[in-house]
Amino acid sequence: MPKRLLILGATGSIGRQALDVVERSEGLAVVGLAAERSWAALLELAASFGVSAIALADADAAARAAESWTAGRVHSGAAGLVELIEATEPDLVLNALVGAAGLGPTVATLGESIDLALANKESLVVGGELVGALAEATGARIIPVDSEHSALHQLLAGEAHAGAQSAAPPRAGTVRRLVLTASGGPFRGRLRAQLAEVGVEQALAHPTWSMGGKITVDSATLMNKGLEVIEAHHLFGVPYERIAVLVHPQSIVHALIDLCDGATLAHLGYPDMRVPISYALHYPERGALPVRTLDLVEVGRLDFEAPDEEAFPCLRLAREAALAGGSGPCVLNAANEVAVHAFLEGALGFLAIDAVIAQTLERAGAEPVHSFEDLYAADHRARALAREAVLALA
Ligand SMILES: NC(=O)c1ccc[n+]([C@@H]2O[C@H](COP(=O)([O-])OP(=O)(O)OC[C@H]3O[C@@H](n4cnc5c(N)ncnc54)[C@H](OP(=O)(O)O)[C@@H]3O)[C@@H](O)[C@H]2O)c1
């Protein structure tokens, strides 16, 4: 029986690459698709994959889809995404939404004891502790899609004595350190003063990965790596001081683990998101993909350098928010989403992105978090503060 797969964010960069993986696999059957407002594109995908249940988070888009589609059910609004998870009874949900909007579907999936292929790193940044506790309580697995975390998941499988079936932390203490690589983005090597005039088009010109707009800007500011440090902490249970970031412009080495006996293991491959997506969708099996085998002679050289936190303070801000704990990472994420949105709209300069985040973190502080409601409230408040900062800095 093929695995029943529900894809949230089907019209996006990860969603479409996931559908490419599905087309090449006999082990996967798509049972539902969701997006925010690209209703026409979603209907096309539903027709191609024979799907009879979809959801659109935007109510107007859902209404337009429902008017022109008789082949199935259209669920509407943020609640519609949760309804879709319940109605389609998937074996696996791929959460490829952008931003904190992914938290609700992550919680709904894990709450239903359904395995989660997680691209939406913001779910773990915002609610890592509660999300982790929920997965543990229901027994649902979180299989990372982010290439670095997929690499770590594979590297740690041989070290996690809790079993290769899970992303369980290396409890036996054989792992000294996790290392996440970062391409460095389009502005690697520039001094801070040289970033004052960079525009949207330049920030969106990522040197090695082709991705959605928000994550591409996050890569340019290095916030993406900050979010990934928090994601790795929650996925693998490793303390922050033992998670390092290494800039590697060729994006061939995706992650490394340093072990207690001095051995270091690395995961390598050409940058192609279909590889970690396929890993997450087929796990614990592997699916074949028409991806070139790595030719290191052709690659020629691999370069590494330390991240420049003077020019790109977002990585430092993320670590500080992570260490503050409580609502700190949630505030960081909300402020970043507001600032990146304003930058993409042309309302904020590139260097003001980290300023908005720093100001918001300072004003909001880090409050204790006991429930998802606490997180939603912190997110709401932080967005209001961040919008004020955007207006002041624009
Ligand atoms: N792209 C990559 O290579 C990559 C790599 C690693 C991790 N990730 C992570 O994967 C996630 C998705 O990234 P992406 O690059 O694929 O983004 P993207 O290309 O912008 O696509 C986002 C998808 O999510 C939908 N969406 C956005 N907001 C939504 C909401 N509030 N409710 C329902 N649907 C919503 C969009 O629908 P519409 O089309 O209607 O807007 C679209 O289908 C992010 O968390 C990112 O950090 C991405």
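In listed order, ligands and their atoms are each counted from 1.
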For the 3.5 Å polar cut-off, considering only N or O atoms, please tell me whether [X] and ligand 1 meet it.
X: Met211; answer: no
X: Gln17; answer: no
X: Asn224; answer: no
X: Gly99; answer: no
X: Ser147; answer: no
X: Asp146; answer: no
X: Leu81; answer: no

Can you figure out which of [options] has its heavy atom closest to [atom]?
atom: atom 26 (N) of ligand 1; options: Glu148, Glu36, Arg274; value: Glu36
atom: atom 46 (C) of ligand 1; options: Leu33, Asn95, Ile215; value: Ile215
atom: atom 48 (C) of ligand 1; options: Ile14, Leu8, Leu118, Ile7; value: Ile14
atom: atom 11 (C) of ligand 1; options: Thr11, Leu97, Val98; value: Leu97

Could you tell me whether [X] approaches ligand 1 through its side chain, its backbone, both or neither, with non-hydrogen atoms closer than 4.0 Å?
X: Lys214; value: neither
X: Ala101; value: side chain
X: Met273; value: side chain
X: Ala57; value: side chain

Sidechain-backbone polar pair: [X] side chain, [Y] backbone, donor-acceptor under 3.5 Å:
X: His282; Y: Ser278; value: yes
X: Arg242; Y: Val175; value: yes
X: Asp258; Y: Arg176; value: no

Any Ala10 heavy atom less than 4.0 Å to ligand 1: yes
Side chain to side chain contact (heavy atoms under 4.5 Å, CB included) partner of Leu332, the single match among Ile230, Val126, Thr360: Ile230
Quiz item: cation-pi between Arg141 and Tyr283, 6.0 Å / 45°: no
